[in-house]
2 protein chains.
Amino acid sequence: MVKKLSILNKLRSSNLRPTKQRVEIAKFLFEREKTFHFTIESLAKSMAKKTSKEFALATIYNTVEAFKKAGHLSEVHLKGKNNRTYFDTNISNHHHFYDNETSELIDISENQIKFEKIPNAPNGKKIANVEVIINLKD
Amino acid sequence: MVKKLSILNKLRSSNLRPTKQRVEIAKFLFEREKTFHFTIESLAKSMAKKTSKEFALATIYNTVEAFKKAGHLSEVHLKGKNNRTYFDTNISNHHHFYDNETSELIDISENQIKFEKIPNAPNGKKIANVEVIINLKD
DNA sequence: GATTTAATTTAGAATTATTATAAACTAGAA
DNA sequence: TTCTAGTTTATAATAATTCTAAATTAAATC
Ligand SMILES: [Mn+2]
Ligand SMILES: [Mn+2]
Ligand SMILES: [Zn+2]
Ligand SMILES: [Zn+2]
């Protein structure tokens with residue numbers, strides 16, 4: 001009940017009508033203890049299993065895009081072995097371990113990395129953010 | 001003459017037959033003062049202009065992949081606005097500024113960034129390399 | 001230099017991720 | 001309830017990349 005309400009608030013406050021599909025997806029993404037990473041494909045499968053009916057792929061794409069625009073999701077700008085886009089329910093600034101073998105992403109919190117030296121942005125530009133990807137091997 | 005030879009050596013030593021197409025591409029990529037970044041599309045256009053005939057796209061893909069496997073090129077694991085893969089003739093460990101507006105990549109040499117603190121790899125894994133992408137804004 | 005063979009190139013088809021379209025449906029205002 | 005704009009859906013379109021099978025070519029062998 002409490003959880004359901006906070007999801008409705010999250011959607012309403014983002015100007016997203018709480019449709020059945022959005023509520024189901026939001027519950028799956030946000031009603032959990034820990035944040036996680038997913039792809040459109042994995043989310044589509046999860047929703048199909050959870051609700052035992054297929055959501056249109058376009059709905060998955062649209063909803064994820066809408067949540068991203070509303071700031072409820074972030075996109076990991078990384079290009080893995082498989083050419084899929086990763087999304088993240090962790091919307092804070094943070095970094096990642098990436099295991100190219102397993103295509104697994106692991107969070108590194110912002111305070112786990114400190115720079116001793118970092119270059120200035122080129123003339124006329126500013127630094128928007130810094131993303132560190134630590135590629136793993138066996 | 002000297003340049004042509006080093007290209008032939010580069011190909012032969014990588015077990016790549018120096019075909020007309022590979023030599024043309026290698027000359028374009030490696031016979032220059034500074035390293036640079038490119039996409040398959042930009043390379044295909046460059047080769048078409050340079051030689052005034054179209055290379056099959058599959059040849060461009062195959063050749064870039066072969067050069068990558070042979071260690072003559074690296075791939076930048078970044079996912080830009082446009083969903084294109086970037087390749088880099090700079091094969092040393094280094095970092096990048098990325099301007100999402102212009103889709104431009106700028107090199108940051110390894111020694112321009114120093115870490116004061118960095119996490120250990122998860123159990124059973126090692127760090128293969130660390131990639132820093134500094135996203136730019138206006 | 002001609003012959004032979006395996007590697008390579010090529011045009012085009014196939015695949016995959018993503019986006020667009022337009023008709024059917026629905027949340028929420030009136 | 002009625003109305004309407006927003007949403008979902010199936011499907012088509014697009015775009016990057018990979019596959020295929022036939023034609024070509026590098027280079028080893030005669
Ligand atoms: Mn790749
Ligand atoms: Mn995106
Ligand atoms: Zn994350
Ligand atoms: Zn570079």
Side-chain angles (χ1 to χ4, degrees), chain A residues 4-5 7-26 28 37-45 47-48 50-70 73 75-87 103, chain B residues 4-5 7-26 28 37-45 47-48 50-70 73 75-87 103:
Chain A
K4 188 79 172 294
L5 258 189
I7 289 258
L8 293 186
N9 287 339
K10 186 174 281 204
L11 293 178
R12 287 240 164 70
S13 65
S14 309
N15 272 339
L16 298 173
R17 280 191 189 176
T19 61
K20 192 159 46 171
Q21 291 82 347
R22 281 176 182 161
V23 170
E24 285 295 338
I25 293 174
F28 178 77
H37 305 103
F38 64 94
T39 65
I40 294 291
E41 191 190 25
S42 75
L43 179 57
K45 281 182 184 156
M47 296 316 298
K50 183 177 190 252
T51 67
S52 39
K53 60 169 161 172
E54 307 273 327
F55 287 36
L57 251 191
T59 300
I60 308 274
Y61 275 99
N62 289 340
T63 303
V64 167
E65 194 61 27
F67 287 170
K68 200 181 72 171
K69 277 208 185 89
L73 287 177
E75 187 176 338
V76 183
H77 287 103
L78 162 146
K79 190 171 172 307
K81 183 174 47 182
N82 54 4
N83 198 18
R84 299 214 183 88
T85 302
Y86 288 88
F87 294 92
S103 299
Chain B
K4 187 79 172 296
L5 258 187
I7 290 257
L8 293 187
N9 288 338
K10 185 175 281 201
L11 293 178
R12 287 241 166 69
S13 66
S14 309
N15 271 339
L16 298 172
R17 280 191 188 176
T19 61
K20 193 157 50 169
Q21 291 82 349
R22 283 176 180 161
V23 170
E24 284 296 337
I25 293 175
F28 178 77
H37 306 103
F38 64 93
T39 65
I40 294 291
E41 191 191 24
S42 75
L43 179 57
K45 281 182 184 155
M47 296 317 297
K50 181 175 191 258
T51 66
S52 39
K53 58 170 161 172
E54 308 273 328
F55 286 37
L57 252 191
T59 300
I60 307 275
Y61 275 99
N62 288 341
T63 302
V64 166
E65 195 60 29
F67 287 172
K68 201 181 71 171
K69 278 208 186 89
L73 286 177
E75 187 175 338
V76 183
H77 285 104
L78 162 147
K79 192 170 169 305
K81 183 175 47 184
N82 55 2
N83 198 18
R84 297 213 185 89
T85 301
Y86 288 88
F87 295 92
S103 298

Rounded interatomic separation in angstrom, taking CG from B:L43 and P from D:dA16: 15 Å
Side-chain (A:T51) to main-chain (A:M47) donor-acceptor, under 3.5 angstrom: yes
Interatomic distance where CG belongs to B:N62 and P belongs to D:dT17 [whole Å]: 13 Å
Distance below 4.0 Å between B:T85 side-chain N/O and D:dT17 OP1 or OP2: yes
Distance in angstrom units between A:I25 CD1 and D:dT9 C1', rounded: 13 Å
Integer-rounded Å distance: C:dT19 P and A:I40 CD1: 9 Å
Spacing of A:E24 atom CD relative to D:dT7 atom P, expressed in whole Å: 17 Å
B:F55 CZ - D:dT24 P separation (whole Å): 17 Å
Atom-to-atom span, CD of B:E41 to C1' of D:dA16 - whole angstrom: 10 Å
A:L57 side chain, from C-beta outward: closest of C:dT18, D:dT9, D:dT7: C:dT18
Table of protein N/O atoms under 3.5 Å from nucleotides 22-30 of chain C N/O atoms:
residue : atom : partner : partner atom : Å
C:dA27  : N3   : A:R17   : NH1          : 3.3
C:dG28  : OP1  : A:R12   : NH2          : 3.1

Nearest-angstrom distance from the residue atom NZ of A:K53 to C1' of D:dT9: 11 Å
Residue-phosphate contact under 4.0 Å: B:Y61 side-chain N/O, D:dT18 OP1/OP2: no
Phosphate OP1/OP2 of C:dT10: any B:Q21 side-chain N/O under 4.0 Å: yes
